[in-house]
Colleague: 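Below is the structure I would like to discuss, written out as structure tokens.
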Number of protein chains: 2
Amino acid sequence: MAQKNTLQFIILGLLSQESMTGYELTQSFAHEIGEFWQAKHSQIYPLLNKMEDQQLISHVDEVTGTKLAKKRYSITQQGDDVLQEWIAEPTDFISSSKDEFILKLYFIKDKNDKRLTSMFNEQIRLHKEWLQHLKSRNEDLFNKRSQQNAQFGHYLILNHAIDREQNYVQWLETQFNNL
Amino acid sequence: MAQKNTLQFIILGLLSQESMTGYELTQSFAHEIGEFWQAKHSQIYPLLNKMEDQQLISHVDEVTGTKLAKKRYSITQQGDDVLQEWIAEPTDFISSSKDEFILKLYFIKDKNDKRLTSMFNEQIRLHKEWLQHLKSRNEDLFNKRSQQNAQFGHYLILNHAIDREQNYVQWLETQFNNL
DNA sequence: CAGCTCATGTAACCCGTTACATGATTTA
DNA sequence: TAAATCATGTAACGGGTTACATGAGCTG
């Protein structure tokens, strides 16, 4: 066993909320989940087959129009057991973030290096854009307090992503002003 | 070309500071660099050979005691060119962080779920421990302002790691108190 | 009807971890 | 002298990305 296959638990988690097709699962990673985990369709489709073999999920066939075949997946009882077990087990935190920008800074020994200004400016711009994007999504989804309870998990991760980006931008700006 | 091989640039960056053995490079990842990138010796040794083939680095043999053979690697001019190119090129930020704890929260729909208390407590403990560790390292290394300039890059990444953890802990505690 | 999106798959390849393997040196 | 650390490698495997491949449905 080389790694951990967290992806399968995420798929179980998504399917525990509602049944979805492989395509719809892929979209989830392109959107909200993408903040904290990434996956492409080429990884998802084979895994769905494997998980069905293991009876963690099952599918029914659907047809759109006259021909377009879809597989709508649902979680099985067995799958839900596995999911709950994963949630309950201790989460060993390893700071597994890979930040290429910070690494580049690390290799610039000189505080007066000419490249620093443009590098910081670029990152500040990118992170501010992203922060703005997150904030509008938050506005759209959770403008009413009632909805914070209805989709508590979703609210939490968006909230955390915003908090994290806000802090990152602030750090960038502080360092930039101290150059 | 499937991925990007950032690791090779990090090795170049480390070797641009001083010549090192494979073992010493491995130690770097276990310590400061480890905050932002991870690598094991089993990945480093083969890559060093590959990079030497490409003439990005070169080595001289060293012997400790009477027998113990080491290879001390240095960066070549070609290697430094490649390194500077990497630093200069735009850093496309993708929030490639993978946070398993946040994902678990996402799948807990109910704000009153019994598991939340212990989950938050565990994470708060782990992150506080880590924060404390980072702070002592910072104390040890940069207690004098002069040293902040001498090792600017190193100071920056430690500083950022601390800032990030501090914010994470704060977020955890705020959410915990709102449960 | 052209272009975009929906929908599902496979193949090749690289990245990274775990485990296997060996031997020298230092330290308690 | 035993245990921990220094030092370098290889093998097997799973995780993840890029590219290849195909076809249906929808929208302007």
Side-chain angles (χ1 to χ4, degrees), chain A residues 1-11 14 19-31 33-34 36-54 57 59-73 86 92 94-98 100 103, chain B residues 1-11 19-31 33-34 36-54 57 59-73 92 94-98 100 103:
Chain A
M1 175 198 337
Q3 253 110 310
K4 209 188 160 163
N5 203 354
T6 304
L7 181 56
Q8 87 176 293
F9 300 116
I10 301 173
I11 289 174
L14 289 167
S19 63
M20 292 169 99
T21 66
Y23 189 83
E24 287 164 354
L25 284 165
T26 304
Q27 300 305 100
S28 301
F29 286 95
H31 302 126
I33 296 279
F36 299 100
W37 208 272
Q38 301 81 41
K40 309 285 168 68
H41 78 278
S42 54
Q43 198 184 359
I44 291 168
Y45 287 118
L47 184 52
L48 285 171
N49 286 320
K50 191 181 151 200
M51 289 168 73
E52 192 164 30
D53 287 348
Q54 297 170 337
I57 57 176
H59 84 270
V60 289
D61 290 313
E62 250 184 45
V63 177
T64 300
T66 57
K67 281 185 175 176
L68 184 59
K70 298 189 219 181
K71 298 182 181 176
R72 185 159 298 277
Y73 288 94
W86 173 68
D92 49 308
I94 352 136
S95 172
S96 169
S97 62
K98 304 202 161 184
E100 214 178 310
L103 281 172
Chain B
M1 175 199 337
Q3 254 111 309
K4 205 183 164 168
N5 205 353
T6 303
L7 181 56
Q8 88 177 290
F9 299 115
I10 300 172
I11 290 175
S19 64
M20 292 169 100
T21 66
Y23 189 83
E24 286 164 354
L25 283 165
T26 305
Q27 300 305 99
S28 301
F29 286 96
H31 302 126
I33 295 279
F36 298 101
W37 209 274
Q38 301 81 42
K40 310 286 169 67
H41 78 278
S42 55
Q43 197 184 358
I44 290 168
Y45 287 116
L47 184 52
L48 286 171
N49 286 319
K50 193 181 149 199
M51 288 169 74
E52 191 165 30
D53 287 348
Q54 296 168 340
I57 58 177
H59 84 270
V60 289
D61 289 313
E62 250 182 48
V63 176
T64 300
T66 57
K67 281 186 175 176
L68 185 59
K70 300 189 218 182
K71 297 181 182 176
R72 184 158 300 278
Y73 288 95
D92 49 310
I94 353 138
S95 172
S96 170
S97 62
K98 303 201 160 184
E100 212 178 312
L103 282 171

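Worth saying up front: this structure is predicted, and the values here are computed from it rather than measured.
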Colleague: Between B:K98 and A:T6, does the side chain to side chain contact (heavy atoms under 4.5 Å, CB included) criterion hold? Intermediate values first, please.
Modeller: CA-CA 10 Å; B:K98 303 201 160 184; A:T6 304; over 6 Å; no

Colleague: D:dT18, OP1 or OP2 - any side-chain N/O from A:K40 closer than 4.0 Å?
Modeller: yes

Colleague: Roughly how many Å is it from CD in A:E62 to P in D:dA24, rounded to a whole number?
Modeller: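 Value for this atom pair: 18 Å.
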
Colleague: Please state how far atom CD in B:E24 lies from atom C1' in D:dT5, giving the value in whole angstrom units.
Modeller: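 After rounding, the reported distance stands at 14 Å.
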
Colleague: Could you state the atom-to-atom distance from CD1 of A:I10 to P of D:dG15 in whole Å?
Modeller: 12 Å

Colleague: Provide, to the nearest angstrom, the distance between the CG atom belonging to B:L47 and the P atom belonging to C:dC15.
Modeller: 8 Å

Colleague: Does any N or O donor sit under 3.5 Å from an N or O acceptor when you compare the side chain of B:T21 with the base of D:dT8?
Modeller: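 By the distance-only test, no, there is no pair.
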
Colleague: Can you see which heavy atom on B:W37 is nearest to which on B:F29, and at what distance?
Modeller: O-CD2, 3.6 Å

Colleague: Would you kindly compare A:K50 and A:A69 by the position of their nearest DNA chain D nucleotide and give the one closer to the 5′ end?
Modeller: A:K50

Colleague: Between B:F9 and B:K4, which heavy-atom pair has the shortest distance, and what is it?
Modeller: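 Answer, listing the atom of B:F9 first, then B:K4: CE1-O, 4.2 Å.
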
Colleague: Taking NZ, NE, NH1 and NH2 as the nitrogens, is one of them in B:E52 or B:K71 under 4.0 Å from a carboxylate oxygen of the other?
Modeller: no

Colleague: Below 3.5 Å between N/O atoms, which protein atoms pair up with nucleotides 25-28 of chain C? Just atom names and distances, please.
Modeller:
from   : atom 1 : to    : atom 2 : distance (Å)
C:dT25 : OP1    : B:T64 : O      : 3.1
C:dT25 : OP1    : B:T66 : N      : 2.8
C:dT25 : OP1    : B:K67 : N      : 3.0

Colleague: Which of the following nucleotides, C:dT17, C:dC6, D:dT8, is nearest to the side chain of B:K70?
Modeller: D:dT8

Colleague: Nearest whole angstrom, please: distance from the P of C:dG9 to the OH of A:Y23.
Modeller: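 Roughly 14 Å, once rounded to whole Å.
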
Colleague: Could you check how far NZ of A:K71 sits from P of C:dC6, rounded to whole Å?
Modeller: 20 Å

Colleague: Which pair of heavy atoms, one from B:E24 and one from B:M20, lies closest together, and at what distance?
Modeller: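 Looks like OE1-CA, 3.3 Å.
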
Colleague: Choosing from D:dA19, D:dG15, C:dG16, which nucleotide comes nearest the side chain of B:W37?
Modeller: C:dG16

Colleague: Quick one: which of D:dA11, C:dC15, C:dT8 gets closest to the side chain of B:S42?
Modeller: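 For B:S42, the side-chain atoms sit closest to D:dA11.
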
Colleague: Between A:L103 and B:I33, does a side chain to side chain contact (heavy atoms under 4.5 Å, CB included) hold up when you go through it step by step?
Modeller: CA-CA 8 Å; A:L103 281 172; B:I33 295 279; 4.3 Å; yes

Colleague: Nearest-Å distance, CD1 (A:I11) to C1' (D:dG16)?
Modeller: 13 Å

Colleague: Side chain of A:L7: nearest nucleotide among C:dT8, D:dC6, D:dG16?
Modeller: D:dG16

Colleague: Could you tell me how far apart A:I44 (CD1) and D:dG16 (P) are, to the nearest whole angstrom?
Modeller: 11 Å

Colleague: Where is the tightest heavy-atom contact between B:G22 and B:I44, given as atom of each residue plus distance?
Modeller: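 Heavy atoms of B:G22 and B:I44 come nearest at O-CG2, 4.3 Å.
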
Colleague: If the cut-off is 4.0 Å, is A:K98 near the phosphate of C:dG16, judged by side-chain N/O to OP1 or OP2?
Modeller: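 Yes, within the criterion.
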
